[in-house]
Amino acid sequence: IQSGGRVTAGNNAGGLVGMFYGTISNSSATIQSGGSVTTSNSGAGGLVGFAWGGITDSSATISGNVTASRLAGGLVGYLRYVSISSSTATIQSGGSVTASSRAGGLVGQQYYGTNTNSSATIQSGGSVTAGNNAGGLVGYIYYGTISHFSATISGSVTASSSDAGGLVGYQEGGTITNSSAIIYDFATINATTKVGAVVGTKSGTITNTYPTILDSQYGNITFLDWNV
């Protein structure tokens with residue numbers, strides 16, 4: 001989507017496809033500065049608005065804007081019952097993923113499903129913003145699993161109300177395992193209440209998942225506990 005280009009819908013808009021069942025693989029979308037994907041209601045994604053099928057080996061690069069009233073993601077706005085593997089989203093300087101509720105660098109909301117070996121990068125000047133439930137990877141996860149995921153944040157993850165996390169804004173059930181949040185010392189993770197380097201609110205299982213702060217003065221600091 002080039003500068004000035006717009007994809008707009010009431011529900012389910014994506015840089016590649018709005019809504020699908022089945023499988024997407026080896027696919028990509030780029031939203032250039034001045035380009036946008038927007039829904040007035042729910043489900044906006046850099047690649048897919050609403051995924052009810054698997055996504056593998058795919059990517060989205062955003063220097064424009066992905067915006068929804070709720071459920072906005074750098075790759076997928078709403079992921080339901082299915083999986084993402086070996087896929088990435090990059091939010092470049094000037095790029096943004098924004099929702100009133102539930103925004104993530106990779107996925108806005110994950111409902112069940114198992115996601116593996118994927119990542120989101122929020123570069124300096126890039127942002128993920130929500131009223132509540134903002135995550136470097138996933139804004140809100142409901143009884144799903146993420147494994148071997150990573151978020152690298154030098155930009156910002158912000159919830160104007162509650163629940164901001166380096167990986168997940170709000171975890172309701174499910175499992176986060178073998179994953180990491182890599183946070184530069186000039187990055188911002190912020191909310192009025194409930195902020196964490198890994199999760200804003202935890203109501204599930206977290207194992208072998210830690211944050212690392214890349215500090216320009218003291219070097220790399222890895223916390224051996226998710227609860228930071």
Side-chain angles (χ1 to χ4, degrees), residues 1-9 11-20 22-39 42-68 70-80 82-99 102-110 113 115-130 134-141 146 149-157 167-169:
I1 301 172
Q2 297 180 339
S3 179
R6 291 185 289 272
V7 176
T8 305
N11 289 291
N12 307 329
L16 183 69
V17 63
M19 179 178 182
F20 84 99
T23 302
I24 289 177
S25 63
N26 299 300
S27 298
S28 64
T30 299
I31 303 170
Q32 297 180 358
S33 178
S36 64
V37 173
T38 305
T39 65
S42 69
L47 190 75
V48 177
F50 184 166
W52 206 320
I55 298 173
T56 184
D57 296 305
S58 295
S59 65
T61 303
I62 301 164
S63 52
N65 305 302
V66 175
T67 306
R70 55 192 303 271
L71 315 185
L75 191 74
V76 180
Y78 185 15
L79 185 74
R80 185 174 176 87
V82 293
S83 63
I84 293 174
S85 64
S86 304
S87 296
T88 63
T90 302
I91 303 169
Q92 298 180 329
S93 180
S96 66
V97 174
T98 306
R102 302 178 181 175
L106 194 73
V107 177
Q109 175 172 299
Q110 177 184 342
N115 297 327
T116 59
N117 298 307
S118 296
S119 65
T121 300
I122 305 168
Q123 297 179 355
S124 179
S127 65
V128 172
T129 306
L137 271 176
V138 182
Y140 176 90
I141 182 170
I146 61 175
F149 262 39
S150 67
T152 301
I153 303 167
S154 53
S156 65
V157 176
L167 283 180
V168 176

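The two residues Gln110 and Ile146 have their closest heavy-atom pair at OE1-CG2, 3.3 Å. When every heavy atom of Ile153 is checked against every heavy atom of Val157, the shortest pair comes out as CD1-CG2, 4.0 Å. Here the closest non-hydrogen pair linking Ser124 and Ser154 is N-OG, 2.9 Å. In terms of heavy atoms, Ala68 sits closest to Gly43 at CB-N, 4.3 Å. Between Ala13 and Val7 the shortest heavy-atom distance is CB-CG1, 4.1 Å. The two residues Gln2 and Gln32 make their nearest non-hydrogen contact at CA-OE1, 3.5 Å.
Side-chain atoms of Thr67 never come within 3.5 Å of backbone atoms of Thr39 as a donor-acceptor pair (strictly under, hydrogens ignored). Checked by atom type and distance alone, the side chain of Ser118 pairs as donor or acceptor with a backbone atom of Ser87 at under 3.5 Å. Asn117 places no side-chain N or O within 3.5 Å of a backbone atom of Ser85 that could act as its donor or acceptor partner.
Here the CD1 atom belonging to Ile1 is positioned 4.5 Å from the CD1 atom belonging to Ile31, to the nearest 0.5 angstrom. Note that CG of Leu79 and CZ of Phe50 are 9.0 Å apart. Values are rounded to the nearest 0.5 Å. Atom CH2 in Trp52 sits 11.0 Å away from atom CG in Asn12 (nearest 0.5 Å). For the atom pair CD1 (Ile55) and CD1 (Ile24), the distance works out to 5.0 Å, reported to the nearest 0.5 Å. The distance from the CG atom of Leu75 to the OG1 atom of Thr90 is 10.0 Å, given to the nearest 0.5 Å. Remark: Asp57 CG to Ser27 OG distance equals 9.5 Å, nearest 0.5 Å.
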ask   = side chain to side chain contact (heavy atoms under 4.5 Å, CB included) between Tyr78 and Asn11: does it pass, once the steps are laid out?
value = CA-CA 11 Å; Tyr78 185 15; Asn11 289 291; over 6 Å; no

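Here the side chains of Asn115 and Leu106 are not in contact, with every heavy-atom distance at 4.5 Å or above.
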